Amino acid sequence: MAQQKKGLIARMLEGKERSEEYARSTLPTNRWSLFWDIFKGNFGKIFKVNLLTLIFFIPLFAVIIIGNMMSETTSVTNPFGANIGNGYPVYPNLVGLAEWNTLQNNFYTQIGIFLACFIAAVGLAGGMYVIRNMVWTEGIFVANDFWRGVKLNYKNALQTALFFTIVLMLSSALVNFSEFSLVVGNMPGWQRTLLKISQGASYLFMAMGLMMSVWMIALGVNYKMRFFTLFKNSFLMSIGTLPQTVFFGLLALLPFILVGVGGSFLMMLGLILVLVFGLAYALLVWLDFAQWVFDKYINPKIQGAKVGRGIYSKDGSSKTELTGDDSAAAIEYQRMLLSHGRSKLVARPIKPIDDSMQIYELPQSFSREDLKKLRESKQAIIEDNEAYAEEHKNDLRYVEYNKQFEERERALQEEDAARGKKKRGAKLKPPKMLNDK
């Protein structure tokens, strides 16, 4: 049959429909490709998530800006760089005044940050829930899922925000107090050394608090944990994946780093990126990386947990298997898969569409000979498809899928027998959807 030629825009939208393994080749097979697939394919949704999240971060950003303005105003109004002793008025002693003003301004700023966290946690809870669903490649409705995320994750987001704020307040206070003491204090060398060591320890404490906070976000939106369990696990994850945490943390905060490095061009570029997609981008990078860590270290050890959510395995194999020690929830999940039947698109080879064979096209005035040619062309296509299926039936993806499907059936039959269920052949009903958290 003659193919209708498509225009440029149609070809760009639909892609190469006749390419080998078209459907599978477009699916992400690792976390890097999943990030790019989400970012370019859902940019409109990412912009909406960023906008909703950004609205609730406005008070926090306002407090930070006002705090910086207070510091700059203090440095201008006080003559720290003037020729002291020349002119009028006379300032008796300016030693330590700059450090004291910094300590005071930071204290007021951090009190404002502490209060603004109650509002920012609303945006953080909704944004991280929507982005997590994107990483899981689940269908989302931005507004509905955002408010659902606020309902489910506000407590975790608020705990995380307050934890980091307290760590920031304590660390900053120790650094500022050490600087003030070093300037005004007449102390021996060993005390000055201890103060400098305390400054370095405060910066390390602040960095550890930041890493633990981002892990608390990822753990809290994926698992149900009490605060102390969340605190302990976030510390272990920060230490156990320290190089990766630092790298992906800096990658996630790249738009905010551009704002703070200085320079008018980079600052404007960073501000534009933050306003367009900065917060959503940071959550996407971090939660995508965190999901890779969970799939590697945590999910395989949890009964019934899904491994590799959002990515496609090239060999078509499933990474979750049913064992005798699985929980009832895992058994019900496997039962739900079986109730829908074995997929014909995955269980056996299907030849990709190409131009090698075509159905005979009947003319407007056709004869018995034309009908014979039409029937022969259809039969030739059927035989060609059967030959392709026979040739590729032992490919790994089909063998693994059918093997695991049969193992699920056998395991469920043994489970039913152990529980004393005598009825056989009854239609399996899928269970009710569990809480997605």
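Just so it is clear, the structure is predicted and the values come from calculations on it, not from any experiment. Along the sequence shown, residues carry numbers from 1.
- No donor-acceptor pair closer than 3.5 Å links the side chain of N233 to the backbone N or O of L230.
- Two rings, from F231 and F235, have their centers 6.0 Å or more apart.
- Between S178 and S198, the side chains place a donor N or O and an acceptor N or O closer than 3.5 Å (distance only, hydrogens not considered).
- Between the CG atom in N156 and the OH atom in Y129 there is a gap of 13.5 Å [rounded to 0.5 Å].
- With values rounded to the nearest 0.5 angstrom, S234 atom OG is found 10.0 Å from W215 atom CH2.
- Between F118 and F114, the ring planes lie perpendicular to each other; the angle is over 60°, past the 30° to 60° tilted range.
- The structure places CG of N50 at 9.0 Å from CG of L283, a figure rounded to the nearest 0.5 Å.
- Taking a 6.0 Å sphere around CZ of F61, one finds it holds more than 12 heavy atoms contributed by other residues, nucleotides or ligands.
- In this structure, the separation between CE on M216 and OG on S238 is 10.0 Å, given to the nearest 0.5 Å.
- Contacts of F248 classified as ring-ring contact (aromatic ring centres under 6.0 Å, His included), with partners at least two apart in sequence or in another chain: W32, F289.
- When the shell of 6.0 Å around OH of Y203 is examined, it contains 12 or fewer heavy atoms from other residues, nucleotides or ligands.
- Relative orientation of the Y297 and W292 rings is perpendicular, given thresholds of 30° and 60° on the angle between their planes.
- With contacts defined as side-chain heavy-atom distances shorter than 4.5 Å, the pair L124/F56 does not qualify.
- One distance of note links CG of L242 with CD1 of I239; it measures 6.0 Å at 0.5 Å rounding.
- If you check the side chains of T165 and Q110, you find no donor sitting under 3.5 Å from an acceptor.
- We find the CG-CE distance between L279 and M128 to be 13.5 Å, quoted to the nearest 0.5 Å.
- Checking side-chain atoms of S377 against main-chain N and O of L374 turns up a donor-acceptor pair under 3.5 Å.
- Side chain of D295 to backbone of G308: a donor-acceptor contact under 3.5 angstrom is found.
- Shown here is Y108, whose OH atom has no more than 12 heavy atoms of other residues, nucleotides or ligands within 6.0 Å.
- Listed for the R31 side chain is no donor-acceptor partner under 3.5 Å among the backbone atoms of Q291.
- The backbone N or O of L284 lies less than 3.5 Å from no partner atom in the side chain of D288, so there is not a single donor-acceptor pair.
- Using the six-membered ring where Trp is involved, Y281 and F277 have ring planes that are perpendicular, over 60° apart on the 30 and 60° scheme.
- Side-chain contact check for N30 and S33: at least one donor-acceptor pair (N or O, by modelled atom type) lies under 3.5 Å.
- Counting only distance, with no hydrogens or angles, the side chain of N133 and the backbone of I140 share no donor-acceptor pair below 3.5 Å.
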